[in-house]
Amino acid sequence: MEGFVPVAKIGDLEPGDMKLVEAGDERIVLANLGGEYFAFSDTCTHMECSLSDGSIDGEIVECPCHGSQFSVKTGAVENGPAVEAIAVYPVRIQGRDILVGARPLA
């Protein structure tokens, strides 16, 4: 799978957990939402804080610095002060490996 990097194994994250991983040169957060995996940028678009240090509730990740909230599925801002969406990345499962695309979805 060209352009995809193995970052974790099935079972590494419990539902509702998230984990900082790297794909290529990108710091990406991998989240398990009820057995479905999503990947998004670790950097908040408001003040560049690390989202992996924040909290996740359902499909919403909250930045620990100023409380901006983003959809982990789409990257859309759900609550400011951020106004710019975060990047989301494609995720694939191959056997027991979880792979993340090194480039964000358009």
Side-chain angles (χ1 to χ4, degrees):
M1 293 189 188
E2 189 174 324
F4 280 78
V5 178
V7 295
K9 300 257 186 218
I10 299 292
D12 285 353
L13 285 95
E14 294 295 323
D17 285 350
M18 59 182 179
K19 170 184 176 178
L20 179 64
V21 299
E22 290 189 13
D25 295 331
E26 301 295 323
R27 291 171 48 93
I28 296 171
V29 181
L30 181 67
N32 179 345
L33 302 184
E36 191 173 1
Y37 295 91
F38 296 89
F40 53 92
S41 173
D42 184 46
T43 305
C44 177
T45 57
H46 175 242
M47 293 292 288
E48 299 185 3
C49 291
S50 176
L51 293 175
S52 61
D53 291 334
S55 60
I56 192 164
D57 184 17
E59 68 178 67
I60 303 298
V61 63
E62 183 172 318
C63 179
C65 294
H66 299 104
S68 291
Q69 297 177 333
F70 304 90
S71 166
V72 303
K73 292 182 177 182
T74 68
V77 176
E78 297 293 327
N79 192 24
V83 294
E84 185 180 332
I86 56 173
V88 293
Y89 294 80
V91 177
R92 291 186 182 166
I93 306 298
Q94 182 177 356
R96 294 196 42 78
D97 292 326
I98 303 169
L99 299 99
V100 172
R103 295 185 183 178
L105 295 168

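All heavy atoms count here, side chains included; hydrogens, waters and symmetry mates do not.
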**Asked** Can you name the nearest heavy-atom pair linking D12 to K19, along with the distance?
**Response** OD2-NZ, 4.2 Å
**Message:** Please report the interatomic distance CD(E59) to OG1(T74), rounded to the nearest 0.5 Å.
**Reply:** 7.5 Å
**Item:** Side chain to side chain, I28 and F40, heavy atoms closer than 4.5 Å
**Value:** no
**Asked** Below 4.5 Å, heavy atoms only, C-beta onward: do V88 and V72 meet side chain to side chain?
**Response** no
**Fill in**
Here the pair of heavy atoms bringing I56 nearest to G16 is CG2-O, 3.1 Å
**Heavy-atom side-chain contact between F4 and P90 under 4.5 Å** = yes
**Prompt:** Would you call T45 and F70 a side-chain contact if the rule is heavy atoms closer than 4.5 Å?
**Reply:** yes
**Which atom of A85 lies closest to which atom of V77, heavy atoms considered** = N-CG2, 3.9 Å
**Request:** Look up atom CD in E48 and atom NE2 in H46, then write down how far apart they are to the nearest 0.5 Å.
**Result:** 11.0 Å
**Complete:** All heavy atoms of L13 vs all of D17, minimum pair found to be CD2-O, 3.5 Å
**Complete:** Smallest heavy-atom separation, I60 atom then Q69 atom, equals CG2-CB, 3.6 Å
**Rounded distance (nearest 0.5 Å) linking atom OG of S50 with atom CZ of R27** = 5.5 Å
**Prompt:** Which residue pairs pass the disulfide bond (SG atoms under 2.5 Å apart) test when at least one of the two sits in residues 12-57, sequence neighbours left out?
**Reply:** C49-C65
**Item:** Contacts of type side-chain hydrogen bond (donor to acceptor under 3.5 Å, both in side chains), residue S55, not counting sequence neighbours
**Value:** none
**Asked** Would you say I10 and V5 are hydrophobically clustered, going by side-chain heavy atoms of ILVMFWY under 4.5 Å?
**Response** yes
**Asked** Is there a side-chain contact between K9 and D97 (heavy atoms, below 4.5 Å)?
**Response** yes
**Flag side-chain contact, heavy atom, 4.5 Å: L30 against F38** = no
**Sub-4.5 Å side-chain heavy-atom contact between M18 and N32** = no
**Asked** Rounded to the nearest 0.5 Å, what separation is found between the CD atom of E62 and the OG atom of S68?
**Response** 8.5 Å
**Fill in**
Shortest non-hydrogen pair, I93 vs I98, comes out as CD1-CG1, 3.8 Å
**Complete:** Separation between CG (D42) and CG (D53), nearest 0.5 Å, reads 7.0 Å
**Prompt:** With a 4.5 Å limit on heavy-atom distance, are the side chains of L105 and Y89 in contact?
**Reply:** no
